S.K.: 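Could you have a look at this structure, given as structure tokens, before my questions?
Model, not experiment: these values are computed from the prediction. For reference, positions follow the sequence shown, starting with 1.
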Amino acid sequence: MYSTFRTELISLADDKYRDFSMRGIPCDRPFLGVRIPKIRKLVAKIPSEKLTEFLSAKPIAIEEVIARGFAIARLPYLEMLEVFDSQVQILDNWCTVDTFCAALRKVIKSHEADFLDQKVESLLAQKDEFAVRTGIVCLLDFYVNSDYLHLIFDRIESLKNREEYYIKMALAWLLAECFIKFPDETYGYLQCSKLEKWTFNKAISKICDSYRVDSETKKELKKLKK
């Protein structure tokens, strides 16, 4: 079955899109050049009873890693937990991390507290750059609400000394999203944050890039830059 899937995937390849993707996604895997909506549609055609068989195959191209993430997101919550780590282990760039996390939104819904305990907390404690990014993007996608806001600030502080680029960018992105939704609380956090200079300033820049933040607030935020 997987060989048939891969043949169909290759048939959707676009050389120009492949070259474009390769410029923006640092990754050692081969690129086919298939757009993400097309990957998602192709995975949606896999019969539910064949998903386990599909997941047993070893992905080669980056699009196959993305497809595997979409397949995992189709599983019931408890089954998803069983194979979640196997996907994290092959995530080696920002694109496969971010598409995987976004795909999980439906299956995570109503299980946020359990998923935080089962997976997110351990991801944030790992050494691997993209495992940690997965945890941060999960916080961004599922937990930016009043119930978890202060937990997010605590976890950001726990990562304040991480130097990896894709961790720092994810932290800045997460803080920007927190500010958009909870400006007063996030501003208070920024005033006392111990985040290192680059990530802190990048977060403020991302907030100031948003059209949802007024010009006066942007002026005040810029005063906080280190």
S.K.: I would like to know whether Ile136 and Leu159 meet side-chain contact (heavy atoms from CB on, under 4.5 Å); could you show each step before the answer?
M.R.: CA-CA 10 Å; Ile136 297 168; Leu159 295 167; 3.9 Å; yes

S.K.: Within the 3.5 Å criterion, strictly below it, is a donor on Lys181 or Thr186 matched to an acceptor on the partner's side chain?
M.R.: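 There is no such pair between these side chains.
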
S.K.: Tell me whether Arg212 contacts the main-chain N or O of Ile180 through its side chain, where contact means a donor paired with an acceptor under 3.5 Å.
M.R.: no

S.K.: Distance from Ile39 atom CD1 to Leu12 atom CG, nearest 0.5 Å?
M.R.: 9.0 Å

S.K.: Do the side chains of Ile60 and Val65 join up, straight or via other hydrophobic residues, at under 4.5 Å, putting them in one cluster?
M.R.: no

S.K.: Please identify each residue that fulfils side chain to side chain contact (heavy atoms under 4.5 Å, CB included) with Pro183, with sequence neighbours left out.
M.R.: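 Pro183 satisfies side chain to side chain contact (heavy atoms under 4.5 Å, CB included) with Phe179 only.
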
S.K.: So do the side chains of Lys119 and Asp85 get within less than 4.5 Å of each other, counting heavy atoms only?
M.R.: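 Of all side-chain heavy-atom pairs linking Asp85 with Lys119, at least one is under 4.5 Å.
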
S.K.: For Lys226, look at atom NZ and say whether over 12 heavy atoms of other residues, nucleotides or ligands are found less than 6.0 Å away.
M.R.: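 Buried by this count: over 12 neighbours within 6.0 Å.
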
S.K.: Locate the shortest heavy-atom distance separating Val107 from Pro76; write the atom from each residue and the value.
M.R.: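 Minimum heavy-atom contact is CG2-C, 4.0 Å.
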
S.K.: Classify the angle between the aromatic ring planes of Tyr77 and His111 as parallel (below 30°), tilted (30 to 60°) or perpendicular (above 60°).
M.R.: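 If you compare the ring of Tyr77 with that of His111, the planes turn out parallel.
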
S.K.: According to the ring-ring contact (aromatic ring centres under 6.0 Å, His included) rule, which pairs have a member within residues 192-226, sequence neighbours left out?
M.R.: Tyr165-Trp198

S.K.: Check the pair Leu104 / Asp141 against side-chain contact (heavy atoms from CB on, under 4.5 Å), numbers first and verdict last.
M.R.: CA-CA 9 Å; Leu104 293 171; Asp141 285 345; over 6 Å; no

S.K.: With side chains defined as the heavy atoms from C-beta onward, is the minimum distance between Thr99 and Arg40 less than 4.5 Å?
M.R.: no

S.K.: Of the non-hydrogen atoms in Ala203 and Ala176, which two are nearest, and what is the gap between them?
M.R.: O-CB, 4.4 Å

S.K.: I'd like to know whether CG of Asp28 has more than 12 heavy-atom contacts from other residues, nucleotides or ligands below 6.0 angstrom.
M.R.: no

S.K.: Does Phe142 offer a backbone N or O that forms a donor-acceptor pair with the side chain of Glu112 under 3.5 Å?
M.R.: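 A pair under 3.5 Å: no.
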
S.K.: So do Leu55 and Leu75 actually touch side chain to side chain, heavy atoms under 4.5 Å?
M.R.: yes

S.K.: Holding to side chain to side chain contact (heavy atoms under 4.5 Å, CB included), I want the full list of residues that pass it with Leu140, two or more places apart in sequence or in another chain.
M.R.: Trp173, Leu174, Glu177

S.K.: Please identify each residue that fulfils side-chain hydrogen bond (donor to acceptor under 3.5 Å, both in side chains) with Lys106, with sequence neighbours left out.
M.R.: none

S.K.: Below 4.5 Å, heavy atoms only, C-beta onward: do Lys168 and Glu163 meet side chain to side chain?
M.R.: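 SC-SC contact between Lys168 and Glu163 confirmed.
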
S.K.: State, with a plain yes or no, whether a side-chain heavy atom of Pro26 is found less than 4.5 Å away from one of Asn93.
M.R.: no

S.K.: Roughly how far, to the nearest 0.5 Å, is CH2 of Trp94 from CD1 of Ile25?
M.R.: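 Rounded to the nearest 0.5 Å, the CD1-CH2 separation comes to 5.0 Å.
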
S.K.: Looking only at heavy atoms, which two atoms of Pro59 and Ile90 are closest? And how far apart?
M.R.: CG-CD1, 3.6 Å

S.K.: I'd like to check the ring-ring contact (aromatic ring centres under 6.0 Å, His included) partners of Tyr189; sequence neighbours left out, ordered by chain and number.
M.R.: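 Phe153.
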
S.K.: Do Leu42 and Val34 make a side-chain contact, defined as non-hydrogen atoms from C-beta onward lying under 4.5 Å apart?
M.R.: no

S.K.: Might you point out which heavy atoms bring Cys95 and Ile66 nearest each other, and give the distance in Å?
M.R.: SG-CD1, 4.0 Å

S.K.: Does the pair Ser86 and Arg68 meet the rule for a side chain to side chain donor-acceptor pair (under 3.5 Å), with working shown?
M.R.: CA-CA 10 Å; Ser86 69; Arg68 192 175 190 275; 3.2 Å; yes

S.K.: Which residue, Lys218, Lys223, Lys222, forms the salt bridge (charged side-chain N to carboxylate O under 4.0 Å, His left out) with Glu220?
M.R.: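 Of the listed residues Lys218, Lys223, Lys222, the salt bridge (charged side-chain N to carboxylate O under 4.0 Å, His left out) partner of Glu220 is Lys223.
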
S.K.: Taking only residues two or more places apart in sequence or in another chain, which ones pass side-chain hydrogen bond (donor to acceptor under 3.5 Å, both in side chains) with Asp214?
M.R.: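 Testing Asp214 for side-chain hydrogen bond (donor to acceptor under 3.5 Å, both in side chains), a comparison that skips the adjacent residues, returns Thr217.
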
S.K.: Can you list the other members of the hydrophobic cluster that holds Phe20, where links are side-chain heavy atoms under 4.5 angstrom apart?
M.R.: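 Joined to Phe20, directly or through intermediates: Tyr17.
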
S.K.: Measure the spacing between CG of Leu195 and CG of Asn201 and express it to the nearest 0.5 Å.
M.R.: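 Result: 10.0 Å between the selected atoms.
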
S.K.: Can you confirm whether Lys160 is buried at NZ, in the sense that more than 12 heavy atoms of other residues, nucleotides or ligands lie under 6.0 Å from that atom?
M.R.: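 Above 12, so yes.
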
S.K.: Could you tell me which residues satisfy side-chain hydrogen bond (donor to acceptor under 3.5 Å, both in side chains) with Arg29, sequence neighbours excluded, listed by chain and number?
M.R.: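 Scan of Arg29 (side-chain hydrogen bond (donor to acceptor under 3.5 Å, both in side chains), adjacent residues dropped) gives none.
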
S.K.: Could you work out, with side-chain hydrogen bond (donor to acceptor under 3.5 Å, both in side chains) as the rule, every residue matching Glu196, not counting sequence neighbours?
M.R.: Thr199

S.K.: Which distance, rounded to the nearest 0.5 Å, do you find between the SG of Cys138 and the CD of Glu121?
M.R.: 11.5 Å

S.K.: Check Arg18 with Asp15, please: is the shortest side-chain N to carboxylate O separation under 4.0 Å?
M.R.: yes

S.K.: Can you list the residues that meet the side chain to side chain contact (heavy atoms under 4.5 Å, CB included) rule with Lys16, with sequence neighbours excluded?
M.R.: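 With neighbours one apart ignored, the set is Asp14.
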
S.K.: To the nearest 0.5 Å, what is the distance between CG (Leu171) and OG (Ser193)?
M.R.: 9.5 Å

S.K.: Could you give me the CA-CA distance, side-chain angles and deciding distance for Glu79 and Arg74, then say whether side-chain contact (heavy atoms from CB on, under 4.5 Å) is met?
M.R.: CA-CA 10 Å; Glu79 292 180 33; Arg74 287 184 53 196; over 6 Å; no

S.K.: What I'd like to find out is whether the side chain of Arg35 reaches to under 4.5 Å of the side chain of Lys41, using heavy atoms alone.
M.R.: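 Contact flag for Arg35/Lys41 side chains = no.
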
S.K.: Can you pull the ring-ring contact (aromatic ring centres under 6.0 Å, His included) pairs that have at least one residue in residues 45-71, sequence neighbours excluded?
M.R.: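 Qualifying pairs: Tyr2-Phe54, Phe5-Phe54.
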
S.K.: Using side-chain contact (heavy atoms from CB on, under 4.5 Å), reason through Leu151 and Leu116 one step at a time and then give a plain yes or no.
M.R.: CA-CA 11 Å; Leu151 179 144; Leu116 181 70; 3.9 Å; yes

S.K.: Can you find a heavy atom in the side chain of Lys58 that is under 4.5 Å from one in the side chain of Glu64?
M.R.: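 The answer is no, as the side chains (C-beta and beyond) never meet within the 4.5 Å cut-off.
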
S.K.: Can you name the residues that form a ring-ring contact (aromatic ring centres under 6.0 Å, His included) with Phe115, not counting sequence neighbours?
M.R.: Phe84

S.K.: Where is the tightest heavy-atom contact between Ala131 and Gln126, given as atom of each residue plus distance?
M.R.: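 Minimum heavy-atom contact is CB-OE1, 3.3 Å.
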
S.K.: Check Leu139 against Leu124 and note the closest heavy-atom contact, atom names and distance.
M.R.: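 So the minimum-distance heavy-atom pair works out to CD1-CD1, 4.0 Å.
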
S.K.: Under 3.5 Å, is there a donor-acceptor pair between the side chain of Ser56 and the main chain of Glu53?
M.R.: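 Flag set: sc Ser56 to bb Glu53 pair under 3.5 Å.
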
S.K.: Would you find a donor on one side and an acceptor on the other, under 3.5 Å apart, between the side chain of Glu63 and the backbone of Phe31?
M.R.: no

S.K.: Enter the distance from Ile204:CD1 to Leu190:CG here, rounded to the nearest 0.5 Å.
M.R.: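 Going from the CD1 atom of Ile204 to the CG atom of Leu190 covers 6.0 Å.
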
